[in-house]
Amino acid sequence: MKIGYACINNSLKCRANKTFRLSSYTEEKLVETIKNNLDCLKKILEYNLEHNLMFFRITSELIPFGSHEINKFDWLNYFKKDFEEIGAFIKNHDMRISMHPDQFVVLNSPKEKVIQNSIGELLWHAQVLDAMNLDLTAKIQIHVGGVYNDKDKAIEKFVETYKNLPLQIKRRLAIENDDKSYSLKDCLKLNKKIGIPIIFDNFHHECLNNKEPMFEAVKLAQSTWKKQDGVLMTDYSSQQPGERKGKHADSIDINHFKKYLEQTKDLEFDIMLEIKDKEKSALIAKQIMSS
DNA sequence: CCATGTCAAGGTCAC
DNA sequence: GTGACCTTGACATGG
């Protein structure tokens with residue numbers, strides 16, 4: 001069971017998600033920013049190894065304007081060595097990696113332009129993971145998308161888009177149950193049609209479900225992961241007290257976490273904490289798990 | 001230096 | 001209709 005956190009490490013001084021405005025785009029700025037981001041990513045991974053946090057989500061801001069038409073620079077080749085070096089570090093230490101592109105990736109949109117933009121965005125994510133020579137346990141997770149007043153139709157649209165995706169994307173893609181539109185059950189429906197693995201999000205499941213108990217839910221999600229995909233990936237969070245429903249916690253709710261572990265006892269999966277204070281809570285979670 | 005309006009991109013819901 | 005929210009603040013300008 002690996003545990004980790006998303007994108008940002010607050011104990012280190014560097015950021016791997018540095019970006020800049022489109023209006024100030026220059027190739028020089030792009031190169032400088034990517035270099036900064038990759039250097040920081042290395043430092044974060046070293047920190048993670050030292051602290052035995054073996055699961056990490058690489059930020060989607062790693063490559064600013066990664067799929068924007070303004071970006072004509074061959075960054076993939078220019079930073080080839082860096083990607084290889086980072087990938088080797090990840091592999092040597094048996095770390096797990098995920099990426100989670102922004103909300104703009106919507107594969108079931110009725111707008112063709114949105115779908116094309118989404119594919120472009122997914123492509124550079126896949127290229128990064130490929131350049132690192134990571135196996136297929138490194139996943140790119142997305143939400144199913146919009147409902148557009150007809151969920152069955154929206155699901156069909158997802159299937160149609162998915163079937164035509166380049167293999168480079170398809171083989172790394174996973175869907176996550178969300179808190180408003182697509183429940184675990186909806187995701188399972190999609191899995192039946194196209195075999196896509198499901199990343200289980202406990203907090204979203206608490207917000208939107210079909211009464212599956214936690215143990216059952218995790219087991220169902222687990223059944224969608226083939227051998228080459230690795231063990232089930234999960235996102236973990238809990239409700240921030242006093243805030244509106246669906247708001248992620250600022251720091252880990254220890255009792256909630258312990259209860260979740262208890263509920264899912266004997267199941268094997270990796271846990272990505274989606275909690276605001278990042279590695280701080282991950283270290284607490286790590287401690288709870290080993291005690 | 002600091003304050004703050006805005007940032008490539010979508011969709012949903014609370015208000 | 002607007003704005004917060006999502007996985008996440010931080011860039012960049014004007015004072």
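In this text, all values refer to a predicted model and were calculated from it rather than measured experimentally. Here is the naming used below: chain letters follow the sequence lines, and residue numbers restart at 1 for every chain.
- Nucleotides B:dT6 and C:dT2, compared at atom P, are 15 Å apart to the nearest Å.
- Ring-centre distance between A:Phe65 and A:Phe20: below the 6.0 Å cut-off.
- A:Asn17 has its CG atom 8 Å from the P atom of C:dC11, to the nearest Å.
- We find that CE of A:Met99 is positioned 14 Å from C1' of C:dT8, with the value rounded to whole Å.
- With respect to A:Arg96 and A:Asp270, a salt bridge is recorded, a charged nitrogen being found less than 4.0 Å from a carboxylate O.
- Note on A:Glu84 versus A:Lys80: salt bridge recorded, some NZ/NE/NH1/NH2 to OD/OE distance being below 4.0 Å.
- At a threshold of 4.0 angstrom between heavy atoms, the contacts of A:Ser118 with the nucleic acid are absent.
- Between B:dG11 and C:dA10, the distance separating the two P atoms is 27 Å to the nearest Å.
- Relative to the ring axis of A:Phe215, A:Lys265 does not place its NZ or CZ within 45° and under 6.0 Å from the centre.
- Residue contacts for A:Val147: at a heavy-atom cut-off of 4.0 Å it reaches the sugar-phosphate backbone alone, with no base atom in range.
- At a threshold of 4.5 Å between non-hydrogen side-chain atoms, the residues A:Asp82 and A:Lys42 count as touching.
- Stem regions annotated for DNA chain B: B:1-7 with C:9-15, B:10-15 with C:1-6, counting only runs of 3 or more consecutive pairs of Watson-Crick or G-U type with both contacts under 3.5 Å.
- C:dT7 and B:dC1 have their P atoms separated by 35 Å, with the value rounded to a whole Å.
- One atom, CG of A:Asp178, and another, C1' of C:dT7, lie 13 Å apart when rounded to the nearest Å.
- Interface residues of residues 42-75 of chain A facing DNA chain C, ordered by number: A:Arg57, A:Glu61; criterion, heavy-atom separation under 4.0 Å.
- Contacts of residues 148-161 of chain A with DNA chain C (heavy atom under 4.0 Å): none.
- A:Trp124 and A:Glu121 share a side-chain donor-acceptor pair at under 3.5 Å.
- Using a 4.5 Å heavy-atom threshold, the side chains of A:Phe56 and A:Ile44 count as touching.
- The backbone N or O of A:Lys163 sits less than 3.5 Å from a side-chain atom of A:Lys170, completing a donor-acceptor pair.
- Backbone-only engagement by A:Lys278 is indicated by non-hydrogen atom pairs under 4.0 Å involving sugar-phosphate atoms exclusively.
- When ring centroids are compared, A:Tyr182 and A:His143 stay outside the 6.0 Å threshold.
- Under a 4.0 Å N-O distance rule, the pair A:Arg171/A:Asp135 does not qualify as a salt bridge.
- Under a 4.0 Å N-O distance rule, the pair A:Glu212/A:Lys185 does not qualify as a salt bridge.
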Check nucleotides 12-15 of chain C for protein N or O atoms closer than 3.5 Å to its own N or O atoms and list the pairs.
| residue | atom | partner | partner atom | Å |
| --- | --- | --- | --- | --- |
| C:dA12 | OP1 | A:Arg21 | N | 2.7 |
| C:dA12 | OP1 | A:Ser24 | OG | 2.4 |

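- A salt bridge between A:Lys43 and A:Asp39 is absent, with no side-chain N of the basic residue lying under 4.0 Å from a carboxylate O of the acidic one.
- Salt-bridge formation is detected for the pair A:Glu274/A:Arg57: a Lys NZ or Arg NE/NH1/NH2 atom is positioned less than 4.0 Å from an Asp or Glu carboxylate oxygen.
- Taking atom P in both B:dG10 and C:dC11, one finds a spacing of 23 Å when rounded to whole Å.
- Distance check on atom C1': C:dT8 versus B:dC7 gives 13 Å, rounded to whole Å.
- Clustering ILVMFWY residues whenever any of their side-chain heavy atoms sit less than 4.5 angstrom apart, transitively, puts A:Val31 in the very cluster that holds A:Trp75.
- Taking atom P in both B:dC2 and C:dC6, one finds a spacing of 29 Å when rounded to whole Å.
- With ring centers used as reference points, A:Tyr260 lies 6.0 Å or more from A:His256.
- For A:Asp102 against C:dT7, a side-chain-to-base donor-acceptor contact under 3.5 Å is present.
- Nucleotides C:dC5 and B:dA3, compared at atom C1', are 24 Å apart to the nearest Å.
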- What is the per-nucleotide protein-contact pattern of nucleotides 1-6 of chain C, from the 5' end, where B denotes a base atom under 4.0 Å from a protein heavy atom, S denotes such proximity for sugar-phosphate atoms only, and - denotes neither? -----B

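- The nucleotide range of DNA chain B contacted by chain A, defined by atoms under 4.0 angstrom from heavy atoms of the protein and reported 5' to 3', is B:dC7 to B:dC13.
- In this structure, the ring of A:Phe203 has its center no less than 6.0 angstrom from the ring center of A:Tyr236.
- In summary, the side chains of A:Asn48 and A:Glu279 do not present any donor paired with an acceptor at a separation below 3.5 Å, with no hydrogens or angles considered.
- Annotation: side chain of A:Asn191 is not in contact with side chain of A:Pro197 (no heavy-atom distance under 4.5 Å).
- For A:Phe200 and A:Phe269, the ring centers are positioned 6.0 Å apart or more.
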